[in-house]
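Read through the structure below, which is laid out as structure tokens, and then see the notes.
Quantities reported herein were computed from a predicted structural model and do not represent experimental measurements. So that the names make sense, note that chain A is the first sequence line, chain B the second, and so on, each numbered from 1.
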2 protein chains.
Amino acid sequence: MEPDKPRAPNIRDVAARAGVSYQTVSRVLNDSTAIRPETRQRVLAAIEELGYRPNEAARALVTSRSRTIGVISAQTAYYGPATAIAAIETAARREGYRISATYLASSDRASIQSSLSYLLAQGVEALVVIASQVRVFEALEELAVTVPYVALAATTGVGHRVAFDQIEGGRRAIRHLAELGHTEILHIAGPQDWTEADARMRGYLQALDEADLRPRAPVLGDWTASFGYYAGLELLRMRDFTAVFAANDQMALGFLHACRDAGLDVPGDVSVVGFDDIPEAAHLAPPLTTVRQDFAEVGRRAVERLLQELRGEPPADDAAIAPELVVRASTARPH
Amino acid sequence: MEPDKPRAPNIRDVAARAGVSYQTVSRVLNDSTAIRPETRQRVLAAIEELGYRPNEAARALVTSRSRTIGVISAQTAYYGPATAIAAIETAARREGYRISATYLASSDRASIQSSLSYLLAQGVEALVVIASQVRVFEALEELAVTVPYVALAATTGVGHRVAFDQIEGGRRAIRHLAELGHTEILHIAGPQDWTEADARMRGYLQALDEADLRPRAPVLGDWTASFGYYAGLELLRMRDFTAVFAANDQMALGFLHACRDAGLDVPGDVSVVGFDDIPEAAHLAPPLTTVRQDFAEVGRRAVERLLQELRGEPPADDAAIAPELVVRASTARPH
DNA sequence: CGCGCGCGTGTGGACGTTCACATCCAGCGC
DNA sequence: GCGCTGGATGTGAACGTCCACACGCGCGCG
């Protein structure tokens, strides 16, 4: 055992070693006012020798700034949220922020409250909401959250949002199908308390309206491939449609499976469009036509916007990111 | 504007309101020594009224315990790591810990160092390594990291590991194929600087040896579906094999795509086994036989084990989690 | 009946950092 | 030559909490 003093070196240790005052060390760390280059060198050398690391907790305490961005995500391991979180972390770290991510165990009130108060206790300076379920926003309102927050959310316009324009994404999917000549287009939607699901469905309805097509009652799913499969088995017994727009690629994937089981050819008998463009989409059977979302870009923008707000800068252009339709082999003209 | 004092309430405000000393409030918060129930009630009421939240930074400072577990993950949005991280966060939060996750931008030395020192600066009490690339461990050694750490790693036995026995997983995959009668079995491996990839390949080689089958030079992949696809196109030109074991489901999925392009039937012409059992695996064409990993369970165990170590308890049984072969429709007898 | 013990509570410090202000010294202009 | 300026550095206090100890009081036991 060491002489029982495994205390990490602090700013005073560094100061002593460099022969300066602790304040000078602090100044070097925060490269604030002018320091004689020679003094700075001495301090840096001392830091190096002692393996000193600033204590973030002490910093946070005295500045009352945690330099932490909270992230609330759904407990889903899906490609989208996971990609976004990684991008957020990377962008935040580059700016000297860290993130604290929580994953909602369920979408009920208690779970949301728990996540939120956990983040607030850490003194997060800002919040990113990825699990953009409606209830999360209600909770934010209710707790009168004062920190700036953004949602990687569905619709543009409604303050606090880094929009990926999912309505437009839905519209493009439907327009593509309509242009191919489909008239009976079904929608397998996501859970309706998700703003994304809602927006994609609105895009579906809008585009049908624009094309003078009959809207059909959407099937409300749960984002999973399994749902797509079982819903597909059910739906295909009627087969009163020629195209399906699924609210995400997983459900589309499940639906493709159901088509195979039913002996139907895609896109010969049924056209299928997904949403997200997960990396697997290009290799499904058949390769899936889908709407591409750039989750990483959205994550980066969220951070950028929050940091601007924290610095008191006017929020820059809030243009929604345009969705991009990726046409592959799961769509064709109906016969 | 408020009378410019938006300072969050602190322990002394609560004390004043409840008519006790700040120390009593602290005791209530840490429910330490006995407190008269009536006093406790008064304190809790005051906390409620003021909307008081303990300042974690101050706590961390004075106790010199950050109650933070650091996580180092690869910059991949794959199902496995994402699931594990979510599970780790949930488990840690339940125990009063928070996590700080970093995502490696690349696998080079600088990136690893940067992540690591970032986490250490936050005073993490423990580390979970998910991106179990060999270089990460080298960096841990080199920086003489003193906090306990575990890797959600490949092989059992080698200290610091919460093992999911991937060697055994690989063996089971191959045994399954061998029992079906396959003798020419190919392996599409993962990047060899990943311990997981290495372990799965060792399982492959071991099982071949046990079955007295000829090992074949593995194809070294990068975990992606695209790689599986292009490698598949190449490999299928020879077709000197009847079965393929891919080191993860994504590469298997890409390989299935290649088989379709080549006009081959799976499992009629080629059998395919994957690894991980991603949620999509059951709905691929055909549904994929694969080795199931319970990422969430591994994540929970990692947290459990680290907390035991932090509490000074002897580490509990370190048995590797047994992998489970899930047989679906992508494997059959060769003809 | 007095002493001690233990329950319930209060007081002073410390954690490591930054902020506001004080100080020192050299150089310069009048 | 003296005071003033401003660059470079030092000093005291504060952030919000927990730990170690001190204290007062009532009760039980000898």
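Side-chain proximity of A/Val62 to D/dT11, C/dG8, D/dA14: nearest is D/dA14. Minimum atom distance to the side chain of B/Leu61 is reached by D/dG16, of the listed D/dG16, D/dT17, C/dT18.
For C/dT18, one of the phosphate oxygens OP1 or OP2 lies less than 4.0 angstrom from a side-chain nitrogen or oxygen of A/Arg59. The shortest distance between the side-chain N/O atoms of B/Ser26 and the OP1/OP2 oxygens of D/dT17 is not below 4.0 Å. Taking side-chain N and O atoms only, B/Tyr22 has no distance below 4.0 Å to OP1 or OP2 of C/dG13.
Rounding to whole angstrom units, CZ of residue B/Arg65 and C1' of D/dC19 are separated by 14 Å. Atom CZ of A/Arg40 and atom C1' of D/dA8 are 12 Å apart (whole Å). Atoms CD (A/Glu56) and C1' (D/dG16) sit 17 Å apart, rounded to a whole Å. Taking atom CG of A/Asn30 as the reference point, atom C1' of D/dT9 lies 15 Å away to the nearest angstrom. Taking atom CZ of A/Arg53 as the reference point, atom P of C/dT17 lies 13 Å away to the nearest angstrom. D/dG16 atom P lies 18 Å from atom CD of A/Gln122, rounded to whole Å. In this structure, B/Asn55 atom CG and C/dG16 atom P are separated by 16 Å, rounded to whole Å.
The closest side-chain heavy-atom distance from B/Asn55 to B/Asn10 is not below 4.5 Å. Taking the side chain as every heavy atom from C-beta outward, A/Phe295 and A/Leu152 never approach each other to under 4.5 Å. Contact of the A/Val14 side chain with the A/Val28 side chain is not registered, since no non-hydrogen atoms from C-beta on lie closer than 4.5 Å. At least one side-chain heavy atom of B/Ser114 sits under 4.5 Å from a side-chain heavy atom of A/Arg93. By the 4.5 Å heavy-atom criterion applied to side chains, A/Tyr118 and B/Arg98 are counted as neighbours.
For the segment residues 9-21 of chain A, residues with any heavy atom less than 4.0 angstrom from an atom of DNA chain D are, sorted by number, A/Val20, A/Ser21.
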Collect all protein-nucleotide pairs involving nucleotides 20-22 of chain D in which both atoms are nitrogen or oxygen and the distance is under 3.5 Å.
none

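A salt bridge is absent between A/Glu138 and A/Arg135: the closest approach of a Lys/Arg side-chain nitrogen to an acidic carboxylate oxygen does not fall below 4.0 angstrom. Of the charged side-chain nitrogens involved, none lies within less than 4.0 Å of a carboxylate oxygen, so that B/Arg301 and B/Glu304 do not count as a salt-bridged pair.
Two residues, B/Thr63 and B/Thr24, neighbour DNA chain C, and the one matched to the more 5' nucleotide by heavy-atom proximity is B/Thr24.
A search for side-chain contact (heavy atoms from CB on, under 4.5 Å) contacts involving B/Ser66 returns B/Thr68, B/Glu125, not counting sequence neighbours.
Test A/Arg65, A/Arg67, A/Glu89 against A/Tyr97 for side-chain hydrogen bond (donor to acceptor under 3.5 Å, both in side chains) and you get one pass: A/Arg65.
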